Amino acid sequence: MKGKIKEVRKRKLVTVTLVRLVIILVLTMTTIDLAVGLMLQREILNIYEDFSFSYTKMLSENIDTDRVETYLKTKKLDSYYVEISNTMRRMVSTAGLRYLYVFLPEEKGIRYIWDAQADDDSRPFMDVWEYSGDYPKDTVFEAFEKGEDRFDMYSYGDMYLAASITPLKNSKGETIALVESDILMPRIRSSAIRISLFTLLYLFAILIATMAVFFTFVRRRIIGPLLKLNVASIEMVEGFESNKELVIDVHTGDEIETVARSFENMNRRLHEYIEANNEIQKEKERVNAELNLATKLQADILPTKFPAFPNRNEILIYADMTPAKEVGGDFYDFFFVDDDNLAVLMADVSGKGIPAAMFMMMARSLLASRVVAGKDPGTILEEVNNIVCSNNPEMMFVTIWLGILNVKTGVFSAANAGHEKPILYTPGGEFEIINDKHGAIVGLKKNMKYPVYEIKMEPGSKLLVYTDGVPEATDNNNEQFGMERLLKAINSAPDGKPEDVLMLIDRDVYRFLDKAEQFDDLTMLCVGYYGANGECFPED
């Protein structure tokens, strides 16, 4: 009975091995064939693309754009127009192009300026062809708006076409029209298919011979010993919980025997590992529970309900924090000290994780208590710095920007302890960096002074404060997001609400990072001032 079981297992292993080799053979041939076909198609496509662009560029460089603008204004044509038409027809005829035309892209279709077709069915001046098939409308508009060459493919009726699009620019560098040439593409696919089929047959013959030799070797030299390893592995799994020592009767004197001894050793080590892993898992669950609690505590500490002051129409404020780890070292805060004065705080603690979060909570508490006491920002930072320096064995530090806005006068009284420079938007202008006076970072040295300065907020103004994680966000090429991109993002729509400003930054930062890992906390706060009586308060 035992011999029959082994024979069945042997036959099964042989069959499975053979089937898998055939599958590998098919997959290998298909993969190589597809790769060859795609590369070939790409190369042929590049040739067509270069060929097609040579005509659009030649035409765009030789057309008198001043005359084109005159035609568009007056709708009157002359002998020059006829000359270009004849030239385009000759180009279509000699080059084997399907379509060659100069046109204006419109929402419903394309408006022809010149048109030449292989079937001599050219369209007249200013005639409109409505978009049909899967004509690349978006590609055409992108070429027109950006003034750049574009290449695309589309089907029209029973034709498959490659379209090369070149902008036609006037002497000022403005795009006034587009030049497009379309080439029939079926020959690319048919050529690639023929070569792919030939390659597939050739590979099939080679791989069949190779697999036959390989299978014979595997069956004689490997399958037999593997059957014994298979039986041993089953015994290993079935007797694992009993802690029974595993002994494998394989003595081939080669690598398979080494594998057998490794199985025996692995069985012993697995028992040891599982016992140790159970202890590690318990510790990991405890740490995760603490991290989850710390994350929740941090989220509860920072104000996250917006609009923050629904009954006040002098200001709108919005803030956002995305920590690099479960808990972060950045923090922000804002609250009314009294009816007329709004305190705004942005800070960045050195380090990350739970130590930074604990230091953050301590610094936030110290700052808030002194702001409520009615002291000016410079005095507050000085007192907090002295307290931190008195008991800071870990030598941690924090950068802080602290401002107090009088909502009646629109004056921000502020002080900066080594933090990023704020950015101010004034109605009618754009966001600009404020080169404010900096004091030393908090926690570095006692008795440091922090100069106080003022920012005048006109009704409709907005002030953005942030941590260095925003401009220093780094992509996979080790390039930083930078202040230039930050200003470009918020100045793309400077009139928006504070929430809109932060959304613009988030959009551009994450688009810039792509799939890169976030190394630092991203924290931002924007406050908009709308006048003592809310006269500029935005409507919903």
Side-chain angles (χ1 to χ4, degrees), residues 283 286-287 290-302 319 321-333 343-373 375-403 414-422 436-453 465-474 478 480-481 483 517-525:
E283 180 65 17
R286 183 188 67 80
V287 172
E290 292 179 357
L291 281 174
N292 291 334
L293 179 59
T295 302
K296 187 176 184 303
L297 287 173
Q298 187 176 49
D300 292 341
I301 288 173
L302 301 179
M321 175 184 173
T322 305
K325 293 188 175 181
E326 288 84 355
V327 288
D330 290 1
F331 67 97
Y332 64 84
D333 202 357
V344 177
L345 170 67
M346 177 65 66
D348 183 2
V349 176
S350 61
K352 300 289 178 290
I354 291 180
M358 295 177 64
F359 191 84
M360 174 270 281
M361 287 187 284
M362 181 269 291
R364 177 181 176 276
S365 177
L366 291 173
L367 288 163
S369 64
R370 278 151 182 79
V371 171
V372 172
K375 300 180 180 181
D376 68 83
T379 302
I380 293 170
L381 292 180
E382 183 178 351
E383 292 182 1
V384 170
N385 176 62
N386 288 337
I387 294 173
V388 171
C389 290
S390 298
N391 185 20
N392 188 17
E394 300 300 325
M395 298 301 293
M396 298 187 72
F397 59 85
V398 56
T399 66
I400 302 171
W401 185 92
L402 174 62
N416 192 328
H419 198 74
E420 302 296 307
K421 298 175 181 179
D436 58 355
K437 301 175 182 178
H438 279 208
I441 55 178
V442 170
L444 184 66
K445 183 180 179 182
K446 278 188 174 183
N447 301 321
M448 302 300 294
K449 299 297 180 181
Y450 297 90
V452 178
Y453 64 94
V465 288
Y466 51 94
T467 59
D468 59 4
V470 178
E472 293 179 6
T474 305
N478 205 31
Q480 293 187 347
F481 185 67
M483 292 303 299
E517 182 181 357
Q518 178 185 334
F519 289 104
D520 202 356
D521 304 334
L522 301 177
T523 308
M524 303 170 284
L525 182 149

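Since this is a predicted model, take the numbers as computed values, not measurements.
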Checklist line | Minimum-distance pair of heavy atoms, taken over all atoms of P323 and D521 | finding: CA-OD1, 3.3 Å
Check: Distance-only, no hydrogens or angles: does the Y466 side chain make a donor-acceptor pair with backbone N or O of P422 under 3.5 Å?
Finding: no
Margin query: For L366, run the side chain to side chain contact (heavy atoms under 4.5 Å, CB included) check against V384, V371, I380 and tell me which one passes.
Written below: V384
Notebook entry, point to check: Can you find a pair of side-chain heavy atoms, one from K446 and one from S390, that are under 4.5 Å apart?
Noted result: yes
Check: Would a 4.5 Å heavy-atom cut-off, applied to side chains only, mark M362 and V388 as touching?
Finding: yes
Checklist line | I441 versus G418, closest heavy-atom pair with distance | finding: CG2-CA, 4.0 Å
Item checked: S350 side chain near F359 side chain, heavy-atom distance below 4.5 Å -> no
Notebook entry, point to check: Tell me the salt bridge (Lys or Arg N to Asp or Glu O under 4.0 Å) pairs involving residues 375-391, sequence neighbours left out?
Noted result: R370-E383, K375-E383, E382-K449
Next item on the list: List for me each residue that meets side-chain hydrogen bond (donor to acceptor under 3.5 Å, both in side chains) alongside N416, sequence neighbours excluded, and say none if there are none.
Entry: D436, H438
Notebook entry, point to check: Taking only residues two or more places apart in sequence or in another chain, which ones pass ring pair (Phe, Tyr, Trp, His ring centres under 6.0 Å) with F481?
Noted result: F512
Margin query: For P471 versus Q480, what's the shortest heavy-atom pair and its separation?
Written below: O-CB, 3.8 Å
Checklist line | Pairwise distance NZ(K421) to NZ(K437) - rounded to 0.5 angstrom | finding: 13.5 Å
Item checked: CA sep, side-chain torsions, deciding dist, call: T523, D348, side chain to side chain contact (heavy atoms under 4.5 Å, CB included) -> CA-CA 9 Å; T523 308; D348 183 2; over 6 Å; no
Output side-chain donor-acceptor pairs under 3.5 Å for residues 394-403, partner residues at least two apart or in another chain, one line each.
| unit_1 | atom_1 | unit_2 | atom_2 | d |
| --- | --- | --- | --- | --- |
| T399 | OG1 | H419 | ND1 | 2.8 |
| W401 | NE1 | Y453 | OH | 2.9 |

Item checked: Atom pair CE/CG of M321 and D330 - distance to nearest 0.5 Å -> 5.0 Å
Checklist line | Atom pair CZ (R364) and OG (S369), whose distance is rounded to the nearest 0.5 Å | finding: 11.0 Å
Item checked: Shortest non-hydrogen contact between G378 and A415, atoms and distance -> N-CB, 3.8 Å
Checklist line | Test side-chain hydrogen bond (donor to acceptor under 3.5 Å, both in side chains) applied to D468 - qualifying residues, sequence neighbours left out | finding: none
Check: Any idea which heavy atoms bring A417 and V442 closest together, and the distance?
Finding: CB-CG2, 3.9 Å
Checklist line | All side chain to side chain contact (heavy atoms under 4.5 Å, CB included) counterparts of M448, not counting sequence neighbours | finding: N385, A440, K445, Y450
Item checked: Atom pair OH (Y332) and CG (L302), whose distance is rounded to the nearest 0.5 Å -> 5.0 Å
